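Below is one structure, written out as structure tokens; the observations come after it.
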Amino acid sequence: MKDTCIFCKIIREEIPTKKIYENENFLSIPDANPRVEGHSLVISKKHFENILDMPTSLGQELIDCIKKTSLKLMDEKKAKGFNVINNNFKVAGQIVKHVHFHIIPRKKDDGEIKFINKS
Ligand code: AMP
Ligand code: ZN
């Protein structure tokens, strides 16, 4: 799996990509098919299929990568907020079986994502 996994290939630098931020265990990159300007992905450097396979001890570095990436994107894209989305298993929309977190920069009235919108 690791040999053919698209995100493992990015980590091994077999596929060139722009690095937004990285720490020891995580890397953030632009999504190849962005839903909005700045849509990016935080991916683990080791191959875990989903969040359930990822050791809890990596939580601190994961949050570090999410925070640094989101702050950079909000600044660069002049966004006022962001969503963090993590799909686990096919039924939840996971296509790439290597744990990753979508960072979606948000602007007022962009209307892009609606889960539970009370107003
Ligand atoms: P998911 O449905 O959560 O598995 O989403 C996988 C995401 O990976 C999609 O948004 C794809 O556009 C993105 N993706 C697939 N291949 C690449 C790639 N080589 N570089 C960057 N993003 C990718
Ligand atoms: Zn992988």
Side-chain angles (χ1 to χ4, degrees):
M1 183 61 192
K2 282 185 202 172
D3 290 347
T4 55
C5 171
I6 194 103
F7 289 170
C8 284
K9 286 184 180 177
I10 287 172
I11 299 297
R12 290 196 299 265
E13 299 188 346
E14 291 168 18
I15 297 175
T17 186
K18 183 189 158 205
K19 292 182 183 184
I20 300 170
Y21 176 77
E22 69 179 316
N23 58 30
E24 203 178 323
N25 281 290
F26 294 91
L27 168 70
S28 56
I29 60 168
D31 193 292
N33 305 290
R35 282 272 299 273
V36 301
E37 193 195 357
H39 176 184
S40 301
L41 300 171
V42 168
I43 62 181
S44 60
K45 290 190 177 177
K46 292 182 189 133
H47 182 89
F48 306 112
E49 195 162 320
N50 58 47
I51 199 170
L52 298 180
D53 298 330
M54 204 186 88
T56 306
S57 58
L58 293 184
Q60 203 163 341
E61 277 188 69
L62 169 63
I63 296 293
D64 171 67
C65 194
I66 288 174
K67 285 168 73 168
K68 299 275 175 37
T69 304
S70 303
L71 284 168
K72 208 166 173 178
L73 290 171
M74 282 205 298
D75 186 45
E76 281 176 14
K77 309 298 175 192
K78 313 230 178 309
K80 300 286 182 221
F82 60 95
N83 293 103
V84 179
I85 297 170
N86 163 234
N87 300 323
N88 295 281
F89 300 104
K90 194 177 175 189
V91 72
Q94 183 177 10
I95 293 167
V96 178
K97 291 182 180 173
H98 177 130
V99 70
H100 57 279
F101 299 79
H102 297 256
I103 311 281
I104 318 275
R106 302 302 303 270
K107 292 177 181 171
K108 193 171 187 297
D109 299 329
D110 63 14
E112 180 56 29
I113 295 171
K114 291 191 178 79
F115 284 117
I116 304 166
N117 276 352
K118 291 183 179 162
S119 56

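We count ligands from 1, going down the list as the structure has it; atoms in each ligand are counted the same way. Only a predicted model underlies this, so the values are computations on that prediction, with no experimental measurement involved.
- For Cys5 atom SG and His98 atom ND1, the angle they make at the Zn ion (ligand 2) is roughly 100°, to 10 degrees.
- More than 12 heavy atoms of other shown residues, nucleotides or ligands fall within 6.0 angstrom of atom NZ in Lys107.
- His47 contributes atom ND1 as its closest N/O/S atom to the Zn ion (ligand 2).
- The 12-atom threshold is not exceeded at CD of Gln60, counting heavy atoms of other residues, nucleotides or ligands nearer than 6.0 Å.
- More than 12 heavy-atom neighbours from other residues, nucleotides or ligands sit within 6.0 angstrom of CD on Glu14.
- Ligand 1 lies under 4.0 Å from heavy atoms of Ile6, Phe7, Ile10, Ile29, Pro30, Asp31, Ala32, Asn33, Leu41, Asn87, Gly93, Gln94, Ile95, Val96, His100, His102.
- Under the 4.5 Å side-chain heavy-atom criterion for ILVMFWY residues, no single connected hydrophobic cluster contains both Ile103 and Ile63.
- For residues 36-70, the set of pairs meeting the ring pair (Phe, Tyr, Trp, His ring centres under 6.0 Å) definition, not counting sequence neighbours, comprises His39-His102, His47-His98.
- Enclosure of atom NZ in Lys97 is not indicated, since only 12 or fewer non-hydrogen atoms of other residues, nucleotides or ligands lie within 6.0 angstrom.
- In terms of heavy atoms, Met54 sits closest to Val99 at SD-CG1, 4.2 Å.
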